[in-house]
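Lettering of chains follows the sequences in order, A, B, ..., and the numbering in each one begins at 1. Basis for what follows: all heavy atoms, side chains included, without hydrogens, waters or symmetry-related copies. What you see is a predicted model, and the numbers here were worked out from it, not measured in a lab.
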Amino acid sequence: MTRAPLFLLYLNVLVVATCGLIYELLAGTLASYVLGDSVTQFSLVIGVYLSALGVGAWLSRFVTRHLVRAFVEVELAVALLGGTSAPLLFFAFGRLSWFPVVLFGVVFAIGVLVGLELPLLMRILKEHLDFSDLVSRVLAFDYIGALLASLMFPLFLIPRLGLVRTSLVFGILNALVGLWGTWLLKPLMDGRLTGLRLRGIAVIALLAAGVAAADRLTELAEEQLFPHPVVFTRTTSYQRIVVTESAGKFQLFLNGNLQFNSADEYRYHEALVHPALLSAGTPRRVLVLGGGDGLAVREILKHSAVEAVTLVDIDPEMTGLAEKYPPLRKLNGAALQDRRVSIVHADAMIWLEHCPELFDAAIVDFPDPNTYSLGKLYTTRFYRLLKARLTPEAAVSIQCTSPLVARSSFWCIVRTLESAGFVVDPYQATVPSFGVWGYCLARTTAGARPAEVPAELQTHLRFLNNRTYQGLFDIPEDASAVPVEINRLDNQTLVRYYEAEWKHWN
Amino acid sequence: MELTRRELLATFLGAPAALAAGCSPPVQSLPLEGAIVGASAAIGHRLRDGVRPTPAADRWQNVGVVIVGGGIAGLATAWRLRRAGFQDFVVLELEPRAGGTSRGDSLGGIPCPWGAHYVPAPLKENGALVALLDEMGVLEGRDGEGEPVVAEQFLCRDPQERLFFAGEWHEGLYPHEGESEADRRDWTAFQAEISKWVAWRDAHGRRAFTIPVASCSDDADVTALDRISMADWLAGKNLTSSRLRWLADYSCRDDFGLTVEQTSAWAGLFYFASRVRTPWAEPQSLITWPEGNGRIVDHLSEPLGGVLRSGWAVSELVPKAGDEPGVDVVAVSHDGSDALGFHTRQAVFCAPHYLASHLIRGFGEVRGNAAREFQYGSWMVANLLLRDRPRESGFPLAWDNVLYESPSLGYVSATHQQGIDRGPAVFTYYYPVCDDDPRAGRARLAGLSWNECAEIVLSDLSRAHPDIRGLVTRLDVMHWGHAMIRPRPGFVWSAARLGETQPFGPIRFANTDLSGVALFEEAFYHGVRAAEDILRERGIAFDTLL
Ligand SMILES: Cc1cc2nc3c(=O)[nH]c(=O)nc-3n(C[C@H](O)[C@H](O)[C@H](O)COP(=O)(O)OP(=O)(O)OC[C@H]3O[C@@H](n4cnc5c(N)ncnc54)[C@H](O)[C@@H]3O)c2cc1C
């Protein structure tokens, strides 16, 4: 053979070696992402992979004829398996309880195939080259490839491409090496090459389609995590909105956390809204913080005294969905289009700092305090800002996570409200999709709560009647008060309680 | 001499960064805009080179007190005088804006600091600072023990700090992750040592370490600590944990711009013990604003109006002997084209102390040797405007974000205290230049172009935020040449430092330098002290705040 193709062959070695290590790093990273404990996962993946390389090298001795063809076949197989490994494993994680078996199976299979590559290539070339020279060069390029992979992976590939794309792109590289081999090594091949080439092209086309659809693939992988089929997804600047549907009922998730299920959300929202509105006398101006789905507003508008509702939600896409997405719009009775309602898109805390208006009632319906940016919306500072925007007779209700699962979190919110100067009545309701759910009724001045739900209002309600309304305020023994610290901006105790309690429960 | 990128990163960030640099995108991807801002070196150099303009005869005026320098010390002097009803003074400030190293700014509409960015909640004994914070509406009242209670929104919002360590962000500053039994033992032993010093009282009942430094005990047991370095002190206590040493080193660099080897053990322990009320208690919480201590600067400057003459550099102070003692003070306009003169009875010199020999006639001959003991480290500070939050892994963004393996101190997030958790942000990046020879460090820093500074900052931060280059839209750099007085061993309790607090004829001194450590509270204390001395001398009645 001439000089030029030789150089190209070493380039092949380089690419093959880089790809091989990339697949290993991908599997290790993916395993630590989804299974946690990166030390264990990485060392297991490396161990399995290295031993598989050995197995591959050993198996190579059984290939005795059509070496070049075998090499190209192996390349295409690595390309297909390695290239699809990341999306494949993501899928498998959502679906299978025996995911580790699949993971290590895939790692092993890739390892065996990669282990076959170099021994085959060296045997192909040994007839044409000085053996010691060949070994030294092939191994040198192999190690350079490994170095390249290990540098590119953390510095460029993961930050720029992400796991799924990286996997697909390197699959394509592998397939290109195989396909190109059918030309480069043509003098050493016998038989017809068209079928092989067509398969090479098909593999590349498949992987390239994968790259184009990588975002969708990531989404699909994510959908495995939801119990029902996903009918709508959107990633906004603030959160990921997912709607799932089954048997005519639909569920809304924000960042993977269920916000409501249309089957029983009326229980949640009736319990959230009416105790505050009834306690506020005849509320005319009502403030809603969070609650961009419009369901709390629907309940508020059932009170005929209400003249104006201000809804403050950070995410325009969330309120947009509530206004325009037909099933949700139907569910909230087009509440957000009501002329009494005005919508503000802002961070509630920053908005409160600058708000000049006063309100007779407020409904605070934020997602659970699982991050520091949500945790700040449950602090004494936040409640003091809110209190400064209330009329003397006003009442507020706040969604307070589950008093059963997150008992300290629940009481932390109660005590924080008290420490901000509110008179607080904690209460709870059962919402099947959530379990037992907690709320606070907070007022600026003490006094008896109204004892009844007015008959006219009751005709619009499905959950609350006089008895259930009174019963809300009976806190069962297993959710009764526990000693807690106050949640302040400078300690964010609540986020810590919440994280510990839900982790424990899950 | 232009450094190659690799050399540049190797000298400023160390070998690992230089190696990694080979693989990250090079200089082309620098942000579009930026500049080296502020700290008007030109006029300062001209003064040092002996340029002494004389004001025209009609450009002289009489004034009761001249305050030289509008940093915290100068502004505090003015604040204290006004509080006592005395208004016959001017403040002359070289820069177009007052504040010195406590100055704030705003970038893309986001307020941010250029230097000092926090004040620990004062103990009740620090009356002057408590009075200031009361006036600013920062305090809500007093607790059962009479200690001031800071309103929640001014206390640093949680999470306060995080550390980038082993490829991930972790909560807090001390890397507990993966510590050994020995590390834990050393950590506890260290806390016990600190607590011992917190509890310690001398024969007069004074604490070993408290703020201001002037109230610290001068007992020999305490001052002996000033003769060794913090590193020697750790070694002497057999505290060998590398994590503890890192924390001590970080703390020394953070507060003093010196490494643990270069810092006096007295200063090192001062950092840990002066802000703790009782043994084993948590250090006092931090008060902070989005623009850092710039908020205090604004509060102190606003009522001054035209009395604060910014853009006027004092070029000479000439003490007058005789029956009518006083000082003639000459100031030059920012561009050097105009000069003003002031006949005054008393002056307060609030500029950095090393300038006294250059600017006060006759001072160098008498006190030059002592003044030369005042050595200063330099700092680079960069403000980065980001169009969005960078990608990262581990514990979420905190106020102070520290990089374990970097000679920089990491960055403070300016939007944190405002509660803005998404979208555009400003990061203030701090880099102390810790060369043994302060002049060499200063020269090294002064030699950097904007491009080189930006490259250092971005290379350093991209270790924790791989995509930061693509997000930064503006990067401004401040070179603080004489940023901080250096409390190296022997300085804080030297005769030179103690002696320099004394007036020079009618000229008093007030600057954080006189404490041997660069702290907002010290600058403030000296300003108030100098003002009260003046009030006393003038026979004006007042209740002392000290
Ligand atoms: C990067 C950095 C970060 C810091 N962080 C903190 C912190 O977080 N917390 C903290 O407590 N402390 C911090 N410090 C220290 C703190 O900023 C200082 O201790 C304090 O602000 C010093 O005030 P000062 O008035 O004594 O001196 P300076 O701030 O130096 O003020 C001196 C003033 O004199 C002016 N001047 C100089 N020459 C002349 C002249 N010829 N004529 C007229 N005016 C002149 C200067 O322009 C300046 O405004 C930090 C310092 C730096 C450099």
Side-chain angles (χ1 to χ4, degrees), chain A residues 29 32-33 38-39 42 147-162 236-239 314-315 345-354 369-377 379-385 416 419-420 485-496 499, chain B residues 19-25 121 140 149-160 162 166-168 171 177-178 282 284-288 290 387-399 413 415-424 459 462-471:
Chain A
T29 310
S32 13
Y33 274 6
S38 54
V39 176
F42 253 102
L147 176 66
L148 221 81
S150 61
L151 289 176
M152 279 185 336
F153 190 76
L155 293 173
F156 173 74
L157 297 172
I158 292 311
R160 294 285 158 92
L161 295 181
T236 76
S237 322
Y238 304 100
Q239 54 204 349
I314 196 163
D315 194 349
H345 295 121
D347 181 304
M349 183 145 189
I350 296 165
W351 182 82
L352 276 178
E353 278 177 26
H354 301 109
N370 60 0
T371 66
Y372 293 104
S373 26
L374 287 168
K376 77 179 182 207
L377 306 173
T379 55
T380 36
R381 168 71 178 161
F382 181 84
Y383 293 138
R384 287 202 180 116
L385 286 173
T416 302
S419 140
E485 278 185 58
I486 304 297
N487 186 41
R488 298 161 47 93
L489 275 179
D490 58 315
N491 67 12
Q492 295 254 21
T493 321
L494 177 61
V495 177
R496 296 165 213 275
E499 198 174 304
Chain B
L19 276 181
C23 314
S24 60
E140 258 174 9
V149 178
V150 179
E152 188 174 352
Q153 65 269 34
F154 300 111
L155 288 174
C156 181
R157 181 184 155 209
D158 190 69
Q160 187 165 314
R162 63 173 183 169
E168 258 198 350
E171 181 173 14
E177 194 97 341
E282 287 286 310
Q284 291 292 96
S285 320
L286 303 185
I287 300 173
T288 186
R387 59 185 160 75
D388 207 349
R389 309 294 160 110
R391 216 196 329 260
E392 54 182 27
S393 60
F395 193 78
L397 187 67
W399 173 66
S413 164
T415 49
H416 186 80
Q417 195 64 14
Q418 282 183 291
I420 300 173
D421 298 318
R422 299 179 180 84
S459 296
S462 33
R463 292 193 261 189
H465 302 296
D467 61 341
I468 195 157
R469 281 171 194 269
L471 294 171

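Going from atom CG of A/L489 over to atom CD of B/Q417 covers 7.5 Å, rounded to the nearest 0.5 Å.
Side chains of B/D421 and A/K376 form a contact here, defined as non-hydrogen atoms less than 4.5 Å apart. Between B/E152 and A/R384, the closest side-chain pair of non-hydrogen atoms falls below 4.5 Å.
Contacts of A/L385 with chain B are absent, with no heavy-atom separation under 4.5 Å from either backbone or side chain. Using a 4.5 Å cut-off between heavy atoms, A/N491 touches chain B through its backbone atoms (N, CA, C, O) alone. For B/I420, the parts lying under 4.5 angstrom from a heavy atom of chain A are both the backbone and the side chain. When heavy atoms are compared at a cutoff of 4.5 Å, B/F395 approaches chain A solely by way of its side chain, counted from C-beta outward. In this structure, no portion of B/E168 lies under 4.5 Å from any heavy atom of chain A.
Residue A/Y372 comes nearest to B/R157 through the heavy atom pair O-NH2, 3.8 Å, listed as atom of the first residue, atom of the second, then distance.
Exactly one residue among A/R381, A/R496, A/R488 makes a salt bridge (Lys or Arg N to Asp or Glu O under 4.0 Å) with B/D158. That residue is A/R496.
The environment of CD in B/E171 is crowded: more than 12 heavy-atom neighbours from other residues, nucleotides or ligands sit within 6.0 Å.
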